[in-house]
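Reviewing the structure listed below.
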Protein chains: 2
Amino acid sequence: MYLRYLEDLDTQGKQTASSDELAHLCGTTPAQVRKDLSFFGSFGKRGLGYPVHELTAHLREILGLEREWKVVIIGAGKIGAALANYRGFRQRGFKIVGVYDNDPTKIGQPWGEAIVHDMADLAQDIQREEAPIAVLAIPSDDAQEVVDRIVGAGIRAILNFAPAQITVPPHVSLKSVNMAMELEGLSFALTNSIVSRGAA
Amino acid sequence: MYLRYLEDLDTQGKQTASSDELAHLCGTTPAQVRKDLSFFGSFGKRGLGYPVHELTAHLREILGLEREWKVVIIGAGKIGAALANYRGFRQRGFKIVGVYDNDPTKIGQPWGEAIVHDMADLAQDIQREEAPIAVLAIPSDDAQEVVDRIVGAGIRAILNFAPAQITVPPHVSLKSVNMAMELEGLSFALTNSIVSRGAA
DNA sequence: GTAACTTTGTGAAGAATTTCACAAGCCACC
DNA sequence: GGTGGCTTGTGAAATTCTTCACAAAGTTAC
């Protein structure tokens, strides 16, 4: 989150930003900002604040965004398409090296700049390309089975959009985005009249 | 999350589940499960566990899922389409009452079972329909402006897919899903060889 | 050069969350 | 009806996270 705002400030040509400014932008407190950043190093200058451009570079380094990550997208449906369309991905160093589906009517069809590949080739392609990240955008029923296959092929991180709880070995990183669950959280907030801090 | 698993257990015909079972399913600890559930009431039976079907109903009640929520989708792009396609929504009581875009080539076109409406009508439709929830699936640049308009029209909760930080008054609930940020989290985990507990 | 002002970095205090551990309750079997 | 085996609910302890508050360090103005 800090990176997102610092990039904005950087393009605006801002030289430095205080923990107070960053806190207001991010909806947190100055002390929190300083503690968070101090975990990774001592980036600020007393009396001045944090050097925006330099700190941006540091955070990109910390997050591992200075290199290119190869990503495979599994599932050539609407979610997959939304992801592939999203410019932010390539900008941030995520390169989509393949799109896979098991629907014969989709395989071989053009899909953005790429072509939809047969899911049967997925495992060997992951190994050959050494793609470490997979985005899973397929129906829930098949999710765990596909996960097991790509874990076997050496995938190291999975971003899961299937509304299913899946399991991976400890050396594989997993993030799940469950849109129904997000909406249910809003339903809970509305039902119980929860008042926010105004940002999320 | 508990609800998701309890529903699975329920359809499997399981009568009761212990905190230990739920903890294993959800990747947490038995004590955590008991503390969490005890916050809302005393649902379990000592020696037996929690009554699956009954607890499911309780949780649905707590989350406010026993009623129907009207939802407007803003942005008739890929993300909006993915959401509208997603059966889970209606199943869980979220009814899409309108899809809006400001692209003249899209307005009036059929879109799933609905028709794309002109964004100009958005505010008055929200008021007329009394739709409390909006899903924002539009480019970042316009996000805050649209948010201000729908907040003015009385929206009470927003699920934001635009990769922008937006601000709402305290009485409006906001959840943001930022796919680039999720991937960056995975990049961080890979870069720093973080070992997970095996589920997320 | 120095005085007034800003802002970081960080121990210590405070608050929140998670885990522990065990009494109390329920079931099943004899 | 009593006994043994489970499992919850929950205070208390342990841990983690956040906030406070201030010395140290830098900047600006003159």
Side-chain angles (χ1 to χ4, degrees), chain A residues 1-3 5-6 9-10 12-59 61-62 170 181 185 188-189 192 194-200, chain B residues 1-3 5-6 9-10 12-59 61-62 170 181 185 188-189 192 194-200:
Chain A
M1 192 166 54
Y2 297 137
L3 177 58
Y5 280 109
L6 285 163
L9 294 175
D10 196 22
Q12 284 164 34
K14 207 150 190 314
Q15 297 292 308
T16 60
S18 67
S19 57
D20 209 50
E21 272 178 277
L22 289 173
H24 274 98
L25 286 171
C26 302
T28 177
T29 64
Q32 186 72 66
V33 173
R34 295 203 295 277
K35 259 273 153 51
D36 286 348
L37 294 177
S38 75
F39 181 81
F40 294 106
S42 181
F43 304 117
K45 270 216 179 72
R46 299 178 182 210
L48 250 193
Y50 295 91
V52 171
H53 189 76
E54 202 182 313
L55 181 53
T56 302
H58 272 301
L59 291 183
E61 179 78 31
I62 290 164
M181 234 147 145
F188 176 67
N192 299 281
I194 287 172
V195 171
S196 74
R197 286 198 326 279
Chain B
M1 191 168 54
Y2 296 137
L3 176 57
Y5 281 110
L6 284 164
L9 294 176
D10 196 21
Q12 284 164 33
K14 206 151 191 313
Q15 296 293 309
T16 59
S18 68
S19 57
D20 208 50
E21 271 178 281
L22 290 173
H24 274 98
L25 286 171
C26 301
T28 179
T29 64
Q32 187 71 66
V33 172
R34 295 202 296 275
K35 260 270 157 40
D36 286 348
L37 294 178
S38 75
F39 181 81
F40 294 105
S42 182
F43 305 115
K45 271 218 178 69
R46 301 182 180 204
L48 249 193
Y50 296 91
V52 171
H53 190 74
E54 202 182 313
L55 182 52
T56 302
H58 272 301
L59 291 182
E61 179 77 30
I62 289 164
M181 235 145 141
F188 177 69
N192 299 280
I194 288 172
V195 170
S196 74
R197 290 198 322 278

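Throughout, protein chains are lettered first and strands after them, A, B, ... in sequence-line order, and every chain is numbered starting at 1.
At dT6(C), none of the side-chain N or O atoms of Tyr50(A) fall inside 4.0 Å of OP1 or OP2 (strictly under the cut-off). At the phosphate of dT8(D), OP1 or OP2 sits under 4.0 Å from a side-chain N or O atom of Ser19(B). Residue Gln32(A) has a polar side-chain atom (N or O) positioned under 4.0 Å from OP1 or OP2 of dT19(D).
Straight-line distance from the CD atom of Gln15(A) to the P atom of dT28(D): 12 Å, rounded to whole Å. Between Asp20(B) atom CG and dT7(D) atom C1' the separation is 10 Å, expressed in whole Å. Straight-line distance from the CZ atom of Phe43(A) to the P atom of dG26(D): 17 Å, rounded to whole Å. Rounded to a whole Å, the CG atom of Asp36(B) is 14 Å from the P atom of dT10(D). Rounding to whole angstrom units, CG of residue Leu48(A) and P of dG9(C) are separated by 12 Å. Between Tyr2(A) atom OH and dT8(C) atom P the separation is 12 Å, expressed in whole Å. The nearest whole Å value for the distance from the CG atom in Leu37(B) to the C1' atom in dT10(D) is 14 Å. For the pair Glu21(A) CD and dT8(C) C1', the computed distance is 14 Å after rounding to whole Å.
With the nearest nucleotide of DNA chain C identified for both Gly47(A) and Arg34(A), Gly47(A) has the one nearer the 5' end. If Lys45(B) and Gly49(A) are placed on DNA chain C by their nearest nucleotide, the residue sitting closer to the 5' end is Gly49(A). Of the two residues contacting DNA chain D, namely Arg46(A) and Thr29(A), the nearest-nucleotide position lying further toward the 5' end is that of Thr29(A).
With contacts defined as side-chain heavy-atom distances shorter than 4.5 Å, the pair Asp10(B)/Leu6(B) does not qualify. Phe40(A) is not listed as a side-chain neighbour of Leu55(A), based on a closest heavy-atom distance of 4.5 Å or more.
Residue Leu9(A) comes nearest to Leu22(A) through the heavy atom pair CD1-CD2, 4.1 Å, listed as atom of the first residue, atom of the second, then distance. Considering all non-hydrogen atoms of both residues, Tyr5(A) and Cys26(A) come closest at CD1-SG, 3.5 Å.
Contact of Lys35(B) with dT17(C) (side chain to base): no donor-acceptor pair of N or O atoms is detected under 3.5 Å.
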